[in-house]
Amino acid sequence: MKILEIENLSKSYDGKKFALKDCSFSLEAGNICAVVGESGSGKSTLLRLISGLERPNSGFIKIEGKTVSDDNQIIPPQERNTGFVFQDYALFPHLTVEQNIAFGLKNNKKERVRELLELIKMEGYENSYPSQLSGGQEQRVAIARTLALKPNLLLLDEPFSNLDSNLKTELRQEIRQIVKQIGMSMIFITHDLLDAIDISDEIIFLKEGEMLQHSSISEFSNNIQSEEVRNIISDLKSNANRILEMVN
Ligand code: ADP
Ligand code: MG
């Protein structure tokens, strides 16, 4: 089953320049897809369109087979079964971990919070405040708060950009495990190809609002479809080689 279908989606904020241009792809339920591109390439725009925070100029979006955005209708974010985790976590500083996670819940709060703390391996942190947590813990609580509402599609905007590299490596694996464990689908944005390789099943390369390539992670480097993607990969290779030369 397809969790997400996007056809000829375009978005311009000013009516002149396209932030996203004629974008089409679909995502199978249970898969994780990374969207990689430089700053300004349209990554956040794509995610905001999927979540319903923005209205497309043309094209359509279907979630679980149901049209949620097209020329004449837009279903609001809270009715889309999607969960959005923002770049800066946006936890409520004056609320405890438990209160943050339970924020949108109506009943069975304690029970659900306990399950989620177990899932993110933070049992015992119920009464801590965000300021008492590490960056990685804050990020996990932000994800738990979103998961509390049981979305079918999780959307993460640059989830690792505020973390140091040790934490990042650890969290990458954890997020993949969490998402796979509950059989959810996820799209996450990054400007770091290594994030994509570590976490996802599929990858989309964006440049100046246009999709350069959409491939599975296992195949993308054997089937490079543009000069730009070739450049991204060769930059990464030459950096890796420089590091290897230094340690040898
Ligand atoms: P990314 O997340 O890849 O950095 P964005 O989707 O934020 O890229 O931005 C894509 C383009 O759209 C950029 O040129 C940016 O300046 C423009 N843009 C993004 N948000 C807005 C907005 N709210 N109003 C006007 N222009 C915007
Ligand atoms: Mg962005």
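Positions are given from 1, in the same order as the sequence printed here. Keep in mind that what you see is a predicted model, and the values were worked out from it rather than measured. Numbering of ligands and ligand atoms starts at 1, following listing order.
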I want to check a possible cation-pi pair here: R140 against Y125, using under 6.0 Å from ring centre and within 45° of the ring axis as the test.
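No.
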Starting from [atom], which protein heavy atom do you reach first, and at what distance in Å?
atom                    : value
atom 27 (C) of ligand 1 : Y13 CD1, 3.2 Å
atom 15 (C) of ligand 1 : K17 NZ, 5.0 Å
atom 10 (C) of ligand 1 : G40 O, 3.5 Å
atom 8 (O) of ligand 1  : G42 N, 3.2 Å
atom 7 (O) of ligand 1  : S44 CB, 3.8 Å
atom 12 (O) of ligand 1 : A19 CB, 3.3 Å
atom 5 (P) of ligand 1  : T45 OG1, 3.7 Å

What I want to find out is whether E210 reaches K207 closely enough, with some N-O distance under 4.0 Å, to be called a salt bridge.
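Salt bridge absent between E210 and K207.
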Answer yes or no: is there an ion pair linking K168 with D195, defined by an N-O contact shorter than 4.0 Å?
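Here K168 pairs with D195 in a salt bridge, since their nearest N and O are under 4.0 Å apart.
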Which value, rounded to the nearest 0.5 Å, describes the distance between Q137 atom CD and M122 atom CE?
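Result: 4.5 Å between the selected atoms.
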Exam field: side chain D157 to backbone F86, donor-acceptor pair closer than 3.5 Å:
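Such a contact is absent between D157 side chain and F86 backbone.
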Got a sec: is S44 within less than 2.8 Å of the Mg ion (ligand 2) via an N/O/S atom?
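S44 does place an N, O or S atom closer than 2.8 Å to the Mg ion (ligand 2).
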When clusters are formed by joining ILVMFWY residues with side-chain heavy atoms under 4.5 Å apart, either directly or through shared neighbours, do L149 and L117 land in the same one?
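No, L149 and L117 fall in different hydrophobic clusters.
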Apply salt bridge (Lys or Arg N to Asp or Glu O under 4.0 Å) to the pair K121 and E174, showing each step before the final yes or no.
CA-CA 9 Å; K121 301 201 182 81; E174 278 183 18; 5.0 Å; no
Contact between G37 and ligand 1, counting heavy atoms under 4.0 Å?
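So G37 does not count as touching ligand 1.
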For ligand 1, which atoms have a heavy atom of E38 less than 4.0 angstrom away?
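This gives 3 (O) as the contact atoms.
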